[in-house]
Amino acid sequence: MNVEVNPKYEHLRTFVERIPQAMEAEGTYIYGGRRNLIVKMTATDGTVLNVKRFQQPRGLNRLIYSAGLRQPKGRRAFDYPRRLLAKGINTPEAVAYIEDRNAMGLLRLCWLVTIQCPYSHLLYEMGDAQPEVYEPVARNLAVFAAHMHEQAVLHLDFSPGNILWDGGSRFSIVDINRMRFGAVTMVAGCKSFARLWGPKRFIQLLVEEYARLRGFDPQVCVETTMQARRRFWTHYQKKREMEFKLEL
């Protein structure tokens, strides 16, 4: 078992080292789907931690990650917060990365440990929100997204569950193992909004403000986003039942 701890949190090493065995018994359940498990744990010094156990990679991916041809998801998610925070992009600070391999060196499981974000809201709340609720959120989120893109960072899964919100004007991104670093074009930036939930007008306001902040044509940006949004949600509806009335 390999354990890497952020030097700032070296005092938590003993606690971190027992996380793989203790997380299910001692952690407070947050999320557990087919692939990953996420729990909240409190360290011995009172620090509240978010612990994510990634599903074991399969097939060719397991060989690619094990051979170092590509970093495992947990490793990327451990390295990226430092880069994001240095650019003024809010994301939970990384505490530790744990990796377990078999005798042949093949990756089995990995764990990511971060500080638990204090923001209690997710953008799922925009699903059927009214204008008095979604209008300020749209404008504030546009500021956050524009800053992120101007800093040459693109979140490749900019979706409601990966954007934490304090209920006011502050946001934080999570699930950051899928990021692209480099200039963010107008098209790439606009298409990144396709997965967001909420009324059509919420998306339009967000994109119009985003375009203004980045110096793009608002009409072109809205058209680009809405085309990408229709494609995404049309495909989504074929596989899953919608949890809110969708305006395309």
- prompt: Would you call K8-E10 a salt bridge at under 4.0 Å N-O?
  reply: no
When you check the side-chain N and O atoms of [X] and [Y], is any donor under 3.5 Å from an acceptor?
{"X": "E208", "Y": "Q204", "result": "no"}
{"X": "D166", "Y": "H121", "result": "no"}
{"X": "Y29", "Y": "E24", "result": "no"}
{"X": "N2", "Y": "E99", "result": "no"}

Nearest 0.5 Å please: distance from the [atom1] atom of [X] over to the [atom2] atom of [Y].
{"X": "L49", "Y": "M41", "atom1": "CG", "atom2": "CE", "answer": "8.0 Å"}
{"X": "C110", "Y": "R101", "atom1": "SG", "atom2": "CZ", "answer": "9.5 Å"}
{"X": "T185", "Y": "F216", "atom1": "OG1", "atom2": "CZ", "answer": "7.5 Å"}
{"X": "H149", "Y": "F144", "atom1": "NE2", "atom2": "CZ", "answer": "9.0 Å"}
{"X": "L107", "Y": "Y65", "atom1": "CG", "atom2": "OH", "answer": "9.0 Å"}
{"X": "L141", "Y": "R170", "atom1": "CG", "atom2": "CZ", "answer": "15.0 Å"}

Is a side-chain N or O of [X] found less than 3.5 angstrom from the main chain of [Y], in a donor-acceptor match?
{"X": "S192", "Y": "G189", "result": "yes"}
{"X": "K87", "Y": "Q151", "result": "yes"}
{"X": "T225", "Y": "C190", "result": "yes"}
{"X": "N6", "Y": "A94", "result": "yes"}

- prompt: Taking it one step at a time, do E93 and Y9 satisfy side chain to side chain donor-acceptor pair (under 3.5 Å)?
  reply: CA-CA 10 Å; E93 189 175 18; Y9 297 100; 2.7 Å; yes
task: Using side chain to side chain donor-acceptor pair (under 3.5 Å) as the criterion, list what pairs up with N140, not counting sequence neighbours.
output: none
Please tell me whether [X] and [Y] are part of a single hydrophobic cluster in this structure, the criterion being side-chain heavy atoms less than 4.5 Å apart.
{"X": "L213", "Y": "V184", "answer": "no"}
{"X": "L85", "Y": "V113", "answer": "no"}
{"X": "Y210", "Y": "M226", "answer": "yes"}

Should [X] and [Y] count as side-chain neighbours, where that means a heavy-atom distance under 4.5 Å?
{"X": "P160", "Y": "L122", "value": "no"}
{"X": "M148", "Y": "L84", "value": "no"}
{"X": "P81", "Y": "I176", "value": "yes"}
{"X": "I38", "Y": "V51", "value": "no"}
{"X": "V207", "Y": "F193", "value": "yes"}
{"X": "F15", "Y": "D45", "value": "no"}

- prompt: Is there a side chain to side chain donor-acceptor pair (under 3.5 Å) between Y119 and N90 once you walk through the steps?
  reply: CA-CA 11 Å; Y119 301 168; N90 196 0; 3.2 Å; yes
message: Suppose we screen for side chain to side chain contact (heavy atoms under 4.5 Å, CB included). Which residues come up paired with R62, at least two apart in sequence or across chains?
response: Q56, P57, S66, N102, L106, R108
- request: Would you indicate whether R201, at its atom CZ, is surrounded by more than 12 heavy atoms from other residues, nucleotides or ligands within a distance under 6.0 Å?
  value: yes
Atom NZ of K191: over 12 foreign heavy atoms under 6.0 Å: no
field: Ring-face cation of R240 near Y236 (centre distance under 6.0 Å, axis angle within 45°)
entry: yes
query: Between Q55 and N36, is a side chain to side chain donor-acceptor pair (under 3.5 Å) present by the stated rule, with each step listed?
result: CA-CA 5 Å; Q55 179 192 43; N36 309 314; over 6 Å; no
field: Residue that, paired with D175, satisfies side chain to side chain contact (heavy atoms under 4.5 Å, CB included) out of I163, N162, L112
entry: N162
task: Please step through side chain to side chain donor-acceptor pair (under 3.5 Å) for the pair Q219 and E223, ending with a clear verdict.
output: CA-CA 6 Å; Q219 183 176 349; E223 290 174 355; 3.3 Å; yes
- prompt: Pick from R82, R75, R83: which one makes a side-chain hydrogen bond (donor to acceptor under 3.5 Å, both in side chains) with D79?
  reply: R75
